[in-house]
Amino acid sequence: MTEKATPSPEAIQAWARLMRVSRQLVESAEDALKQGGLPPLAWYDVLHELAEAGEGGLRPFQLIERTLFAQYNISRLLARLEVDGLVEKLTVVDDGRGQTIRITAKGRETRRRMWAVYGRSIAELVGARLTPDELNTMSALLGRLRHPPAGD
């Protein structure tokens, strides 16, 4: 791509629609969680990654790689999750300053309760509006926009 490349009108329209719809879908899911008296979606993302990691947990930099959070945001979020008893910080034996973060039983239960609402939101907001073929097409198209592109 050259430095002087300008987007086509079609690219601008697609970008604007993608940003708008993405924001609306996330806001709708957030609203459903809030109405259910549950924590924000960011908490689910972190708890999900920690649950998937198993008993070994993850280092904070691994959470940053697996989520969309900046380092300072993940630090604050982890502190809050720890205060609420949803995660625990463990010292890494061979790295005196390093920590591993692991989900607790309470964190697993919170994640389960959040998924009941979040999963229903996904089903209603996306699954009920598109056919399986349309969902596969959308997923494939969005996969092509992945950065860095697959194979890089």
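Fair warning: this is a prediction, and the values are worked out from it, not measured in the lab.
A pairwise comparison of heavy atoms in Ala128 and Glu124 identifies CB-O, 3.8 Å as the closest pair. Here the closest non-hydrogen pair linking Thr67 and Leu63 is OG1-O, 2.7 Å. Contact record, Leu58 with Ala53: CG-CB, 3.5 Å, taken as the closest heavy-atom pair. Among all heavy-atom pairs drawn from Arg111 and Ala51, the shortest one is NH1-CB, 3.7 Å. Nearest heavy-atom pair, Ala29 versus Ser121, reported as atom, atom and distance to 0.1 Å: CA-OG, 4.0 Å.
A distance-only check finds a donor-acceptor pair linking the side chain of Arg120 to the backbone of Ala116 [under 3.5 Å]. Using modelled atom types, one side-chain atom of Thr104 and one backbone atom of Leu86 make a donor-acceptor pair closer than 3.5 Å. Glu82 places no side-chain N or O within donor-acceptor distance of the main-chain N or O of Ala79, the cut-off being under 3.5 Å. Using modelled atom types, no side-chain atom of Thr91 and backbone atom of Gln99 make a donor-acceptor pair closer than 3.5 Å. No donor-acceptor distance shorter than 3.5 angstrom exists from the side chain of Ser139 to the backbone of Leu135, with no hydrogens or angles considered.
Note that CG of Leu38 is 10.5 Å distant from CH2 of Trp43, once rounded to the nearest 0.5 Å. With rounding to the nearest 0.5 Å, the separation of CZ in Phe69 from CG in Leu78 is 9.5 Å. Annotation: the span from Leu145 atom CG to Trp15 atom CH2 amounts to 9.0 Å, rounded to 0.5 Å. Atom CD1 of Ile101 sits about 10.5 Å away from atom CG of Leu77, to the nearest 0.5 Å. Within the model, atoms CD of Glu65 and CD of Gln62 stand 6.5 Å from one another, a figure rounded to the nearest 0.5 Å. With values rounded to the nearest 0.5 angstrom, Leu142 atom CG is found 6.5 Å from Leu18 atom CG.
Linking Ile, Leu, Val, Met, Phe, Trp and Tyr whenever their side-chain heavy atoms come within less than 4.5 Å leaves Tyr44 and Leu125 in two separate clusters. Taking hydrophobic clusters as Ile, Leu, Val, Met, Phe, Trp and Tyr residues chained together by side-chain heavy-atom distances below 4.5 Å, Phe61 does not share a cluster with Leu81. Leu141 and Leu25 are members of different hydrophobic clusters when ILVMFWY side chains are connected at heavy-atom separations under 4.5 Å. A single hydrophobic cluster is not seen to contain both Leu90 and Leu50; linkage of ILVMFWY side chains at heavy-atom distances under 4.5 Å, directly or through other members, places them apart. Val21 is not connected to Ile122 by any chain of hydrophobic side-chain contacts under 4.5 Å among Ile, Leu, Val, Met, Phe, Trp and Tyr, and they are in different clusters.
Electrostatic pairing of Glu27 and Arg20 does not count as a salt bridge here, judged by no charged N lying under 4.0 Å from a carboxylate O. Salt bridge Glu109/Arg112: present, at least one basic N to carboxylate O contact under 4.0 Å.
Taking the six-membered ring where tryptophan is involved, the planes of Tyr118 and Trp115 are perpendicular, since the angle between them exceeds 60° and thus also 30°.
Under the 4.5 Å side-chain criterion, counting only non-hydrogen atoms from C-beta, Pro39 is not in contact with Leu33. Counting only heavy atoms from C-beta outward, the side chains of Val117 and Arg113 never approach each other to under 4.5 Å.
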Under the criterion side chain to side chain contact (heavy atoms under 4.5 Å, CB included), I'd like the reasoning laid out for Val46 against Ile103: C-alpha separation, chi angles, the key distance, then a yes or no.
CA-CA 9 Å; Val46 170; Ile103 191 170; over 6 Å; no
Would you check, one step at a time, whether the test side chain to side chain contact (heavy atoms under 4.5 Å, CB included) holds for Met138 with Glu134?
CA-CA 6 Å; Met138 182 175 72; Glu134 289 169 332; over 6 Å; no
Should Leu47 and Val87 be marked as a side chain to side chain contact (heavy atoms under 4.5 Å, CB included) after you check the CA-CA gap, both sets of side-chain angles, and the distance that decides it?
CA-CA 8 Å; Leu47 293 173; Val87 303; 4.1 Å; yes
Let's go through Glu55 and Arg108 carefully: what are the C-alpha distance in whole Å and the side-chain angles of both, what is the deciding distance for salt bridge (charged side-chain N to carboxylate O under 4.0 Å, His left out) to 0.1 Å, and is it a yes or a no?
CA-CA 12 Å; Glu55 287 301 310; Arg108 288 182 194 284; 3.5 Å; yes
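More than 12 non-hydrogen atoms from other residues, nucleotides or ligands lie less than 6.0 angstrom from NZ of Lys89. By the neighbour-count criterion of 12 heavy atoms within 6.0 Å, atom CZ of Arg23 is densely surrounded, having more than that number from other residues, nucleotides or ligands.
Ser28 and Gln24 share no side-chain donor-acceptor pair at under 3.5 Å.
Under the salt bridge (charged side-chain N to carboxylate O under 4.0 Å, His left out) criterion, Arg129 pairs with no residue at all, not counting sequence neighbours.
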